[in-house]
2 protein chains.
Amino acid sequence: MINPMYLAIVEDIKQKINSGQLKPSDAVPSENALSKEYGASRMTVRKGLAILANDGYIYSIPGKGSFVRKPELNKYTIYYNEMNNSINKVDQSRLLEVNIIMPDEKLAGELQTTINKNVIVIRRLFYTEGKPVAYDLKYLLYSKGMPIVEKEIEQATFPEMVSGSIAAFSLKKELSISAQMPDEEIKKHLNIYDELALLVVEQKIFNDDNKPIGFCVTYFRGDYIKLKGNSE
Amino acid sequence: MINPMYLAIVEDIKQKINSGQLKPSDAVPSENALSKEYGASRMTVRKGLAILANDGYIYSIPGKGSFVRKPELNKYTIYYNEMNNSINKVDQSRLLEVNIIMPDEKLAGELQTTINKNVIVIRRLFYTEGKPVAYDLKYLLYSKGMPIVEKEIEQATFPEMVSGSIAAFSLKKELSISAQMPDEEIKKHLNIYDELALLVVEQKIFNDDNKPIGFCVTYFRGDYIKLKGNSE
DNA sequence: CAGTGGTCTAGACCACCAA
DNA sequence: TGGTGGTCTAGACCACTGA
């Protein structure tokens, strides 16, 4: 055999599930039974089952057995980066404002801080081929290592700004996507003269204690962005 | 020890990465070295490393070693279901049309079929608390097991419609999210009288040969939807 | 060549579950 | 009590990398 034995086991069981021989909540044969069936050691069988479990095909209950899982029909993975999406690439960025402010009540609530703590505000405009395509607004709790040089801020994405100081692996992030009409200020920034919808993406970044450390809203011209995701 | 040994190894190495002792592209000590360091067998160490690899912390190159990966800053997971999102739940669905048509060139292209093959069209309106919130349009290549009873179609989500017949595990799906203004037809369906942005979600479902088997567009009133995603 | 990760084995003990 | 999955070991052979 060219392929490792555990992969052959994985493919065989996957095929049984996909063909309907094994249905959701059906029991997969026990590890000892599979071990005999495939002429492999129990550890090899377990390696195969671990892969199936990881791919969402099965789950195991100690003392009982392994069972076929119901497929995840609604799960998608999306790679979002405010400066690079599937139908346009930001080729220029203009810094409108970098400032230190006292948050108002709403912002203090979002960042779970108090209204007497300093917050960094960054406002940017993104351009594609000379045209403004997005208005970007960020609020960050200051921490050491953050880019404070204007040139750095102009080019950095949201996670990059906070990850200078914090271990990037332990960052938790939330994304929120909606559509709305532009207000007068955004219309001015994005050169919108007639009716045009905005795609609004909010990001929130948390440290590993689940405290928010940054909040970001990006307003994209609806005709210049399409977010893409896929299963698997 | 309460926890299994391999988890202790995982936590220890994670901590070394998060604290900066191990930086991206640094080499993790060899399996034999870790085996001595933790007083564990090589297989136990490997189990730990496999988890770290799976969580995106490290990667391995045969013959060379294991190395710390750069963190994925842009990856998000989103659970999308046209009938149930984070700020509203569709509590009623009205079927506007079920039909069999010959696709035009554009649609035939999307579904990678020819203009003389039949395609099922389904048009629905979704309601929340009596108000129309979304206009939903689906094109499906017919296959056995598909719901053809009106009652079923009214309540089913897109993956559910095609997964009656096909093994749901092997479905590949694509998602595309954008914002646009409603046309006159949609304004009428969604009772839009003034300017309101739409959030438009396109789904495309492929079988395991990567042939598209369905295409779906849902137009949500911008004031009734917010898609949520998160990292991890 | 010695060292690395990848695969595989044949045992072992454990906690858990059901009859 | 016997069967299940979960953990762990101490070996083995392999293909690959780099000096």
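Chain letters run A, B, ... following the sequence lines, proteins first, then strands; residues in each count from 1. Values below: all heavy atoms of this structure, side chains included; hydrogens, waters and symmetry mates excluded.
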Q: Is E174(A) salt-bridged to K228(B), going by a charged N under 4.0 Å from an acidic O?
A: no

Q: Examine dC8(C): is either OP1 or OP2 under 4.0 Å from a nitrogen or oxygen in the side chain of Y6(A)? Give yes or no.
A: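 For dC8(C), neither OP1 nor OP2 has a side-chain N or O of Y6(A) closer than 4.0 Å.
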
Q: Can you see if the side chain of K64(A) gets near the phosphate of dA18(C) - specifically, an N or O under 4.0 Å from OP1 or OP2?
A: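 Yes, because at least one side-chain N or O of K64(A) sits under 4.0 Å from OP1 or OP2 of dA18(C).
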
Q: Within this structure, what is the CZ-to-P distance between R46(B) and dT7(D), rounded to whole angstrom?
A: 17 Å

Q: Is a side-chain donor-acceptor pair under 3.5 Å present for Y135(A) with R123(A)?
A: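 R123(A) vs Y135(A): donor-acceptor pair found between side chains.
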
Q: For the side chain of P4(B), counting heavy atoms from C-beta on, which of dT7(C), dT4(C), dC8(D) is nearest?
A: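 The answer is dC8(D), which lies nearest to the side chain.
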
Q: Answer yes when E11(A) and K16(A) have at least one side-chain N-carboxylate O distance shorter than 4.0 Å, and no when they do not.
A: no

Q: For residues R69(B) and Y57(B), is any side-chain donor paired with an opposing acceptor at under 3.5 Å?
A: no

Q: Please list, in numerical order, the residues of residues 31-42 of chain A that have a heavy atom closer than 4.0 Å to any atom of DNA chain C.
A: G39(A), A40(A), S41(A), R42(A)

Q: I need the CG-P distance between N3(A) and dC14(D), as an integer number of Å.
A: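 About 19 Å, once rounded to whole Å.
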
Q: So, R124(B) and E82(B), do they make that salt bridge, N to O below 4.0 Å?
A: yes

Q: How close or far is atom P of dA12(D) from atom CE of M5(A), stated in whole angstroms?
A: 19 Å

Q: Inspect the contact between D12(B) and K14(B) and indicate whether a charged nitrogen and a carboxylate oxygen are less than 4.0 angstrom apart.
A: no

Q: Please report, rounded to the nearest Å, how far the C1' atom of dG5(C) is from the CZ atom of F67(B).
A: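 Interatomic distance, CZ of F67(B) to C1' of dG5(C): 10 Å.
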
Q: Does anything in residues 55-63 of chain A come within less than 4.0 Å of DNA chain C? Heavy atoms only, and list the residues if so.
A: P62(A), G63(A)

Q: Any donor-acceptor pair under 3.5 Å linking the side chain of N207(A) with the backbone of D209(A)?
A: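 Yes: the side chain of N207(A) pairs with the backbone of D209(A).
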
Q: Atom NZ of K47(A) to atom C1' of dG6(D): distance rounded to whole Å?
A: 16 Å

Q: Would you tell me whether D136(B) and T218(B) have side-chain atoms, one donor and one acceptor, within less than 3.5 Å of each other?
A: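 Yes, side-chain donor-acceptor contact under 3.5 Å.
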
Q: Does Y79(B) have K75(A) sitting over its ring (NZ/CZ under 6.0 Å from centre, angle to axis within 45°)?
A: no

Q: L49(B) or M43(A): which one's nearest nucleotide on DNA chain C is closer to the 5' end?
A: L49(B)

Q: Donor-acceptor pair, K204(A) side chain versus E110(A) backbone, under 3.5 Å?
A: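 Judged by distance alone, yes, a pair lies under 3.5 Å.
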
Q: Fill in the dot-bracket string of DNA chain D, one character per base: . for unpaired, | for a pair to another strand, ( ) or [ ] for pairs within the strand, taking Watson-Crick or G-U pairs under 3.5 Å.
A: ||||||||||||||||.|.

Q: How far does NZ of K172(B) sit from CZ of F206(B), to the nearest 0.5 angstrom?
A: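 Nearest 0.5 Å value for the NZ-CZ distance: 9.5 Å.
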
